[in-house]
Amino acid sequence: INIMSPEPGDQYKPLEGEEEMSEIGKSDEQCDSDNLTVEDVVNKTIGAANSKTALFKFIALFIAGMLAKMAGPMLAYAPIFTGFLNYKDWECISDRCDELMGNYTNEPETFFSRVTICENSLKPNQDFKWTIERTSFAMEWGLICSDEDKGSNLKSFFFIGAFAGLIVGTALFDKIGRKTTCLIGIAITSISSLAAFFVNNYNVMLALRVVHGIGGFIAVTGVDLLSIEFTPTKLRNLSQILSSSCWDLGSVVIVGISYGLKDWHHIYLVIGCIMATTAIAVFIYPESPRFQLIKGKEKEARATFKRISGIFNTTEISDNTELAYKDYDKNYLGQIKDFIKHPIMLKNTVILMVCWMMISCVSYGLLFSWGKIGAGIYTSILLGTVGSFITKGSGMLYFIIHHFGRKNAVVINFAGAATVFFLAIPCYGVHLTGTWRLDHVICLFASPFMSGVWGSVALLTKELSPTSHRGMIYCMGSASARIGAFVGPYLTLLYNHIDPRIVLAIFGGIAAFPAFLAFFNSDSTGKPIPSTPEDLLQLHSETGHKKLQNDDDD
């Protein structure tokens, strides 16, 4: 696939105040005399469409900044490894425990199990001790049997913090800027992760998990917003794949760290150090010129564009070039009122929020289920991550988005994930080896589709959100995902109470609903990023959407 080839619907009617111009056949002198939109200037100053050197430079700088996205999976998945439970590796240290073991002389392997510990109320360090070399806070703090829910709290409270951080982000990103807010998030993430190294108390860790979520998702969202606003039109599909791959890289890193370090405290120490280093690349990034222009800071935006031209060795836009943009500097309440004034923006946002919530619920529900439905968590999570990489590296996700469009990519990938879960139901209980079942193997194939949903939903959200509201809308979508991520780990507890096939059917249903709902969304394929809600209305009235703006709007 040629990553610079036109996408479906690339020909679009320019926005009001935007002049049509050909990218080929115009000299730099001609371009400088034009009335250029922000989209034009971004394409021109980066120059990746006409230079392989500029393209490779863009990809390298993009990835360097996006490494901060590793915070999400590293901190979200950390309790899987730092708080795991192994009910097989222990030995008796009390007479009562020895007496119980005497009843299992013919089948000693069945004695060392969760059932024995929980049904007989055996106490760690009183009746038995763990013999596994690897440590975890669940085993250290006795979060076993009826207290396993406390372990789930340490997984889910991270997403409470993430939700809170994203609500704060709805105001900060559109007020003080993408870069500044992102750096605040990285600082919170680094400090709180390093603090976890010293924790030996459940309640303190619970509070820290909330702080992890606040900082981690402010950082993740910040680099997402900052990067997309620097990305040329025809590279946005590719850039989203690179962005999602950095998240997957974080999944691989946390698996590697956790496998190599036996003390759970050290895992958080390494995460904190890694996050501190990612701040370097973000600090070097300039503030988004789209954000600067929407705030009326044309002088700062021109300086940013000149800096970009210097990095990519492209011709600077002259001081005589007029920039076509609209000022928008409403307060937080004014932004919210715009959703009422522009129902098409409200409709798109609500549908996207549902999609974010459902994919997150399924993803994290499956992620925390591997210990319940299959073999080792290290192998399962690693294979799931490999599936995500295959989705991107093979060109599968790029192909789907490129040829079917953003909206249809969401539908296709949701439908694919639902199909996998439904196929796993009749295969439950079929053993392939001593530890691997057929339904477990089939569920692994959901990973590429779920990865495809994450990528296509994120890209569609960024492109349908006006620059004036992008911080708010993207945070609202991601905050909805945190609700799903909070619920997901608790779905794994259903495996202890109901038939696992019912749980798989629940996962399938959760994935199928947004596949249907996404049909009613707008499609951003082949269109410029809107700057204001008025731009969004004009862009998507061209695709058959009726103008829903109220007649009395200004």
Side-chain angles (χ1 to χ4, degrees), residues 12-20 35-43 169-178 181 224-226 228-231 233 236 287-302 304-305 322-352 406 459-477 521-543 545-554:
Y12 56 83
K13 182 180 178 181
L15 294 171
E16 183 179 350
E18 178 182 355
E19 296 182 15
E20 289 190 80
N35 185 17
L36 299 180
T37 65
V38 187
E39 194 96 357
D40 296 331
V41 182
V42 169
N43 292 337
T170 60
L172 293 184
F173 283 117
D174 291 329
K175 191 65 178 178
I176 66 174
R178 285 48 162 147
T181 309
D224 258 335
L225 292 172
L226 192 60
I228 194 65
E229 295 183 351
F230 280 105
T231 302
T233 307
R236 288 203 292 261
E287 181 56 273
S288 164
R290 292 180 185 270
F291 171 78
Q292 291 169 330
L293 286 174
I294 208 71
K295 294 300 181 183
K297 300 179 180 179
E298 182 174 335
K299 182 178 179 180
E300 290 87 343
R302 287 181 178 275
T304 299
F305 283 129
E322 293 186 14
L323 298 181
Y325 68 92
K326 300 174 184 177
D327 290 355
Y328 183 101
D329 197 15
K330 292 185 181 180
N331 58 26
Y332 192 72
L333 182 60
Q335 285 182 292
I336 294 174
K337 288 181 177 178
D338 278 340
F339 287 95
I340 300 173
K341 292 177 62 178
H342 302 275
I344 192 170
M345 186 167 73
L346 176 62
K347 181 206 71 172
N348 288 339
T349 302
V350 170
I351 292 176
L352 288 167
R406 274 66 160 155
L459 181 59
L460 188 60
T461 304
K462 294 171 187 174
E463 293 184 340
L464 284 180
S465 305
T467 301
S468 57
H469 293 68
R470 188 165 300 116
M472 175 177 283
I473 293 175
Y474 197 74
C475 282
M476 289 168 66
N521 210 353
S522 299
D523 193 1
S524 62
T525 305
K527 298 183 180 298
I529 293 178
S531 295
T532 64
E534 289 76 15
D535 291 347
L536 176 70
L537 181 66
Q538 185 180 352
L539 280 169
H540 294 286
S541 64
E542 301 167 8
T543 62
H545 289 283
K546 184 179 179 181
K547 288 191 176 183
L548 300 173
Q549 189 177 24
N550 296 334
D551 293 334
D552 59 347
D553 285 349
D554 292 334

Q.
Side chains of Thr304 and Phe291, heavy atoms from C-beta outward: is any pair under 4.5 Å?
A. no

Q) Which pair of heavy atoms, one from Cys475 and one from Gly169, lies closest together, and at what distance? A) SG-C, 3.6 Å

Q.
Evaluate Arg236 against Glu463 for side chain to side chain contact (heavy atoms under 4.5 Å, CB included), listing each step before the verdict.
A. CA-CA 9 Å; Arg236 288 203 292 261; Glu463 293 184 340; 2.8 Å; yes

Q. To the nearest 0.5 Å, what is the distance between CG (Asp224) and CZ (Arg178)?
A. 12.0 Å

(Q) If I take atom CG from residue Leu352 and atom CE from residue Met476, how far apart are they, to the nearest 0.5 angstrom? (A) 10.0 Å

Q. Should Glu534 and Thr532 be marked as a side chain to side chain donor-acceptor pair (under 3.5 Å) after you check the CA-CA gap, both sets of side-chain angles, and the distance that decides it?
A. CA-CA 5 Å; Glu534 289 76 15; Thr532 64; 3.3 Å; yes

Q) For the atom pair CG (Leu464) and CG (Leu536), what is the distance rounded to the nearest 0.5 Å? A) 6.5 Å

Q. Is a side-chain N or O of Asn43 found less than 3.5 angstrom from the main chain of Thr233, in a donor-acceptor match?
A. yes

Q.
I'd like to know if the side chain of Arg406 and the backbone of Asp523 have a donor-acceptor N/O pair within less than 3.5 Å.
A. no

Q) Is the backbone N or O of Asp174 less than 3.5 Å from a side-chain atom of Lys295, with the two atoms forming a donor-acceptor pair by type? A) yes

**Q.** Asp40 side chain vs Thr37 backbone, donor-acceptor pair below 3.5 Å
**A.** yes

Q: Kindly indicate, with the supporting measurements, whether the criterion side chain to side chain contact (heavy atoms under 4.5 Å, CB included) is fulfilled by Ser524 and Lys462.
A: CA-CA 9 Å; Ser524 62; Lys462 294 171 187 174; over 6 Å; no

**Q.** Test log, rule side chain to side chain contact (heavy atoms under 4.5 Å, CB included), inputs Phe305 and Val38
**A.** CA-CA 10 Å; Phe305 283 129; Val38 187; 4.2 Å; yes

Q) Within the side chain of Gln335, is there an N or O that forms a donor-acceptor pair under 3.5 Å with the backbone of Ala171? A) no

Q.
Show the nearest heavy-atom pair for residues Pro533 and Ser468, with the distance to one decimal.
A. CD-OG, 3.5 Å

(Q) Would you compute the distance between atom CD1 of Ile473 and atom CZ of Phe173 and round it to the nearest 0.5 angstrom? (A) 14.0 Å

Q: Measure the spacing between NE2 of His469 and OG1 of Thr170 and express it to the nearest 0.5 Å.
A: 11.5 Å

Q. OG1/Thr467 to CD1/Ile294 distance, rounded to the nearest 0.5 angstrom?
A. 5.5 Å

Q: Determine, stepwise, if the pair Glu229 / Arg470 fulfils salt bridge (charged side-chain N to carboxylate O under 4.0 Å, His left out).
A: CA-CA 10 Å; Glu229 295 183 351; Arg470 188 165 300 116; 2.7 Å; yes

